[in-house]
Novice: 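Take a look at the following structure, please.
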Amino acid sequence: MDDPGQANYRRFLEGDESALFDLVERYNDGLVLYLNGFVGSLAVADELAEDAFVKLCLKRPRHRGLSSFKTWLYAIGRNLALDYLRRAAREKRVPLHEVSLADGELLESRFLREEQKRRVHRAMSRLKPEYRQTLWLLYFEEMSGKEAAAVMRKSVHAVETLAYRARLALRRELEKEGIAHEDI
Amino acid sequence: MKTYEEKARSVLDRIHAERKKRSGRRKTAAVCLVCLCAAAVSVSVNLSPAAPAVNSECDSDPASAAAVSSEEDVPSAAETYAVYTDSITLPEEESTVMADMIGCLVYQGKVYTQGEALWGDEPGENDALLGEYVGEAKGTLSEWATQEDWAAEFASTYAGPVYTVNGYDPSFRLCLVQRTDGEETLQFLENLDGIGLNTGADLYDERLHVREGTVRVSFLSHQDWNNGAYEKMRELSGLSAELWEAFLAALCEAPFVKLSSQEHEGFYQSEPQGHLFLKQADGTTVELRLFAGGYVGYPKMSWIFVQLPGEAFDAVFEACR
């Protein structure tokens, strides 16, 4: 998959800090919505997305041309979300800032420009977290099975099995609302 | 919610602050190191024979090196083999971020990497596969794991109870049980870390038991496999039992060969290819990838294949395309 983030990330590593602005603009919304699928709070997801950018820029992983910037960013975001959930189970953690309902709608409409996609996304929110995450990576982020597997730390086969089950569950959810979605 | 610009500025501020903090720490550490050297103290946390460096990406493309590093060293052993799978080693650079994009578990000094996962709709559905409980995977490995983290027994990217798998040698296959939302997943973990192989039988018969265990064979076209269209998987039909038996026999008899990635550039992208799924009586599945020229590969085996003779290979290759 063509990943324009790679070039911007390289610029950043070479010292051009303005490239970070491009990276945040390009990837922030999708990442926040993806992480929201784990933590169920846009405010927390927004903080975790920021943490993911910081971590990636500080650690400077070597891509070696093997993986896209986006795959790494999402994999790191996923780890942070899982860490957050582990911590949250032990301590009640309150997000530093609030995200209003309007903010959430803005984020969604900015990232999912078509009404059809937004309806599917809302139906996805009723699925199990693992199904939500798989569908998000494959259909909204348009990652390949390989890339989604790298993010989710599963085998390609495991991701495809998950995707198959998730699609069936999503179809059922959409049918409840009387929506037939041929593409799913 | 922050605007993009505010968020980018906040990220930059945090990066600058962290770098400043680290630079201070480095100065302190340098002083401590001088003291340690004077006392002639040395500490090593290397795993023996090699600490892990499971590379990123997925399990079928050696260019993306899912399971094995490019380490060419052959382990010393009394017995010699035709090929050795690559040992999993930890890169020496400070960041091990490349080392953790595939699930793995450190057990008895070996790195087991993720294989197939089996889902159960009901808890306990796959319990027949579970053997002895061997310990608890710690889930301590992440992109930022240190050598020390990797050196610990049961260090892993997953957390959960680890069992042997009934019918399989624990030095090859273990399984970790994950329970979420009432569903149970058996995640198999396989040790392909520096193992020696002579013929296909060493892997497919002795370790995976496909000759006696296969009850159904399905396939996917390369295009469907590439698109992840697993719902298009079809049973392999139109192939006589004799031809299938001949294929299995040849698979076990054929010697393992290690191809050179330089000489075979583009091999994994070449077409045609076939993807076979051998359903086993115990519910597991063995996946094989077929390439023109008689080459058959197992996921995560990188550039190691068995090469089958034309007559045994061609009929199956034709049938699964």
Side-chain angles (χ1 to χ4, degrees), chain A residues 17 20-25 28 32 42-43 46 49-51 53-55 57-67 71-72 75-76 79 83 86 97-100 103-104 106-107 128-130 138 144-151 153-165 167, chain B residues 1-2 4-5 7-12 14-16 18-19 22 55-61 63-66 91 93-98 100-104 114-119 139 142-144 157-159 180-181 183 185 187-188 225-231 277 285 287 299-300:
Chain A
E17 293 191 339
L20 183 65
F21 290 78
D22 295 331
L23 287 171
V24 169
E25 187 166 345
N28 179 69
V32 172
L42 275 172
D46 195 42
E50 183 173 316
D51 292 347
F53 281 111
V54 170
K55 209 163 183 182
C57 291
L58 269 177
K59 284 283 185 177
R60 301 184 172 211
R62 304 164 304 284
H63 282 276
R64 298 179 193 165
L66 302 180
S67 179
T71 313
W72 280 108
I76 288 167
N79 286 349
D83 277 350
R86 278 194 282 268
H97 62 278
E98 291 301 320
V99 174
S100 69
D103 279 337
L106 171 71
L107 196 72
K128 292 166 45 162
E130 212 167 25
L138 293 176
S144 67
K146 282 181 173 185
E147 288 169 320
V151 171
R153 283 208 210 132
K154 292 184 183 297
S155 67
V156 178
H157 192 185
V159 165
E160 297 309 339
T161 309
L162 258 180
Y164 177 69
R165 288 173 174 227
R167 281 204 304 268
Chain B
M1 200 163 60
K2 289 174 185 166
Y4 296 136
E5 191 170 341
K7 185 173 258 187
R9 285 199 188 289
S10 169
V11 170
L12 275 177
R14 288 174 61 188
I15 291 168
H16 292 153
E18 182 62 26
R19 282 185 187 151
R22 283 182 185 187
N55 282 329
S56 74
E57 291 258 279
C58 26
D59 49 0
S60 49
D61 182 353
S64 55
E93 293 93 333
E94 180 197 351
S95 165
T96 61
V97 70
M98 290 298 295
D100 185 39
M101 290 299 289
I102 189 167
C104 58
Q114 69 180 31
E116 182 198 6
L118 264 189
W119 274 267
S142 70
E143 281 88 345
W144 326 109
T157 53
Y158 311 96
T180 46
D181 296 338
E183 278 192 10
T185 308
Q187 175 65 58
F188 294 115
W225 180 86
N226 242 344
N227 293 331
Y230 275 67
E231 68 274 16
F277 299 85
T285 302
E287 185 175 345
K300 300 183 291 169

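Since we're looking at a predicted model, the values are computed, not measured. Order of the sequence lines sets the chain letters (A, B, ...), proteins ahead of strands, with each chain counted from 1.
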Novice: Measuring heavy-atom distances to chain A, does B/Glu287 have an atom under 4.5 Å in its side chain, in its backbone, in both, or in neither?
Specialist: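 It is the side chain, since no backbone atom gets that close.
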
Novice: Does the pair B/Thr185 and A/Glu130 meet the rule for a side-chain contact (heavy atoms from CB on, under 4.5 Å), with working shown?
Specialist: CA-CA 12 Å; B/Thr185 308; A/Glu130 212 167 25; 5.6 Å; no

Novice: Identify, with sequence neighbours excluded, every residue that meets ring-ring contact (aromatic ring centres under 6.0 Å, His included) alongside B/Phe188.
Specialist: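 Testing B/Phe188 for ring-ring contact (aromatic ring centres under 6.0 Å, His included), a comparison that skips the adjacent residues, returns none.
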
Novice: Run the salt bridge (Lys or Arg N to Asp or Glu O under 4.0 Å) test against A/Glu50 and tell me which residues pass, sequence neighbours left out.
Specialist: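 Scan of A/Glu50 (salt bridge (Lys or Arg N to Asp or Glu O under 4.0 Å), adjacent residues dropped) gives B/Lys2, B/Arg14.
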
Novice: Going from NZ on B/Lys7 to CD on A/Glu25, what distance comes out if it is rounded to the nearest 0.5 angstrom?
Specialist: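 B/Lys7 atom NZ to A/Glu25 atom CD measures 12.5 Å (nearest 0.5 Å).
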
Novice: Which bit of A/Phe53 comes within less than 4.5 Å of chain B, counting heavy atoms only: side chain, backbone, both or neither?
Specialist: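 For A/Phe53, the contact with chain B is made by backbone and side chain together.
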
Novice: If every non-hydrogen atom of A/Val24 is compared with every non-hydrogen atom of B/Tyr4, which pair is closest and at what distance?
Specialist: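 Looking at all heavy atoms of both residues, the shortest contact is CG1-O, 3.6 Å.
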
Novice: Are more than 12 heavy atoms from other residues, nucleotides or ligands located less than 6.0 Å from atom CZ of A/Phe21?
Specialist: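 For A/Phe21, atom CZ is crowded (more than 12 foreign heavy atoms under 6.0 Å).
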
